[in-house]
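What follows is a set of notes on a single structure, which appears directly below.
This chain uses plain numbering: 1 for the first residue, then up along the sequence.
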Amino acid sequence: ELVSDPDRWPELYRQAQNFQQSFDSHAIFAQAEEPRQMLFNTRVPFGEKLPILPKPDGQAAAPLAVTTGRPVVGDSFIGPVAGSPLIAIAAPVKRDGRVPYIMLTTVPIASFQKRIDLLSIPRLWAIALVDGGGKTIVRRAPPGMDSDRDVDPEGRI
């Protein structure tokens, strides 16, 4: 109900701040129609002027969430507010059979690297996380290893 009443968006923002504190992942509320104006972003105080959602190369989460009506994970991009590489997860906000808004959360790519660095993997193994377009997001490999050259395609998972 907070979404449907712009006068209550400050309350929605406070809930988004609670989400950010609980999950260490910022929340963004934006218009679903182009140009997809950000209405709030938990990286900045409520009411601060914000840019439109960026349009990353490859799979953009927001437009796909709007067209499919389902949550979508997008490819990596540089966040215009964060100023660092991020992955967005977008969920459509449905009202009366349409999608007027999108709620997004952003995950810093650095957090994926921290997680991958904690994995216990065999000495001569490499691990990489790639986005939908095949672009490497984060990677961990032995020093000097060139995965393209040194890994048999049958050894890839």
Side-chain angles (χ1 to χ4, degrees), residues 12-13 15-46 48-94 99-157:
L12 183 62
Y13 175 80
Q15 287 186 1
Q17 285 179 308
N18 290 337
F19 172 88
Q20 190 277 322
Q21 291 168 359
S22 295
F23 296 100
D24 197 27
S25 182
H26 285 278
I28 300 165
F29 181 55
Q31 293 175 331
E33 291 184 19
E34 288 284 351
R36 296 198 175 88
Q37 177 64 50
M38 286 187 208
L39 301 169
F40 69 66
N41 183 324
T42 57
R43 290 184 186 278
V44 297
F46 183 81
E48 189 166 307
K49 185 174 171 54
L50 291 164
I52 61 171
L53 291 177
K55 295 178 184 178
D57 294 333
Q59 180 168 292
L64 277 174
V66 172
T67 59
T68 65
R70 299 178 62 190
V72 176
V73 178
D75 290 340
S76 60
F77 65 98
I78 302 297
V81 177
S84 60
L86 304 168
I87 298 289
I89 303 167
V93 178
K94 297 178 182 179
V99 178
Y101 304 107
I102 311 164
M103 188 64 77
L104 303 98
T105 187
T106 56
V107 181
I109 286 178
S111 70
F112 291 112
Q113 188 66 54
K114 288 178 188 174
R115 290 177 189 260
I116 208 170
D117 288 343
L118 294 174
L119 293 175
S120 176
I121 59 174
R123 185 175 63 81
L124 296 177
W125 282 36
I127 187 168
L129 179 63
V130 297
D131 67 17
K135 178 182 168 190
T136 298
I137 299 169
V138 295
R139 175 177 193 274
R140 181 172 153 212
M145 178 184 222
D146 177 345
S147 297
D148 291 333
R149 178 193 70 219
D150 299 336
V151 177
D152 184 326
E154 290 184 20
R156 296 179 191 276
I157 299 173

TODO: Can you measure from CZ (Phe46) to CG (Asn41) and round to the nearest 0.5 angstrom?
DONE: 12.0 Å
Task: Set of residues satisfying salt bridge (charged side-chain N to carboxylate O under 4.0 Å, His left out) with respect to Lys55, sequence neighbours excluded - done: Glu34
Open item on the list: If you compare all heavy atoms of Pro63 against all heavy atoms of Ala60, which two are closest, and at what distance to 0.1 Å?
Closed with: CD-O, 3.5 Å
TODO: Look at the side chain of Thr42 and the backbone N and O of His26, then say whether any donor-acceptor pair between them is shorter than 3.5 Å.
DONE: no
Task: For Phe112, all residues meeting ring pair (Phe, Tyr, Trp, His ring centres under 6.0 Å), sequence neighbours excluded - done: none
Task: Side-chain heavy-atom pair Leu53, Leu104 within 4.5 angstrom cut-off - done: yes
TODO: Would you please classify the geometry between the Tyr101 ring and the Phe29 ring as parallel, tilted or perpendicular, with 30° and 60° separating the classes?
DONE: tilted
Task: Counterpart residues, side-chain hydrogen bond (donor to acceptor under 3.5 Å, both in side chains), relative to Gln15 (two or more places apart) - done: none
Open item on the list: On a heavy-atom basis, which atom in Val44 and which in Tyr13 lie closest, and how many Å separate them?
Closed with: O-OH, 2.6 Å
- [ ] May I ask you to decide if Met38's main-chain N or O and Gln31's side chain share a donor-acceptor pair within less than 3.5 Å?
- [x] no
TODO: Calculate, to the nearest 0.5 Å, the distance between atoms CG and CD1 belonging to Leu129 and Ile137 respectively.
DONE: 4.5 Å
Task: More than 12 heavy atoms of other groups within 6.0 Å of Arg149 CZ - done: yes
- [ ] Using the test side chain to side chain contact (heavy atoms under 4.5 Å, CB included), find all partners of Leu119 that sit at least two apart in sequence or belong to another chain.
- [x] Ile116, Ile121, Ile127, Arg140
Task: Pairing residues for Arg43 by the side-chain hydrogen bond (donor to acceptor under 3.5 Å, both in side chains) criterion, not counting sequence neighbours - done: none
Open item on the list: So, using side chain to side chain contact (heavy atoms under 4.5 Å, CB included) as the criterion, who are the partners of Asp150 when residues are at least two apart?
Closed with: Met145, Asp146
- [ ] Might you point out which heavy atoms bring Trp125 and Pro142 nearest each other, and give the distance in Å?
- [x] O-CD, 3.2 Å
Could you give the side-chain donor-acceptor pairs of residues 69-91 under 3.5 Å, partners two or more places apart or in another chain?
unit_1, atom_1, unit_2, atom_2, d
Asp75, OD1, Gly132, N, 2.9
Asp75, OD2, Gln59, N, 2.8
Ser76, OG, Lys135, NZ, 3.4

Open item on the list: Does Arg115 have more than 12 heavy atoms from other residues, nucleotides or ligands lying within 6.0 Å of its CZ?
Closed with: no
Open item on the list: The criterion is side chain to side chain contact (heavy atoms under 4.5 Å, CB included); which residues satisfy it with Glu33, sequence neighbours excluded?
Closed with: none
TODO: Measure from the side-chain N and O atoms of Thr67 to the backbone N and O of Leu64, and report whether any donor-acceptor pair falls under 3.5 Å.
DONE: yes
Open item on the list: Show every side-chain hydrogen bond (donor to acceptor under 3.5 Å, both in side chains) that has at least one partner inside residues 104-114, sequence neighbours left out.
Closed with: Ser25-Thr105, Gln113-Asp117
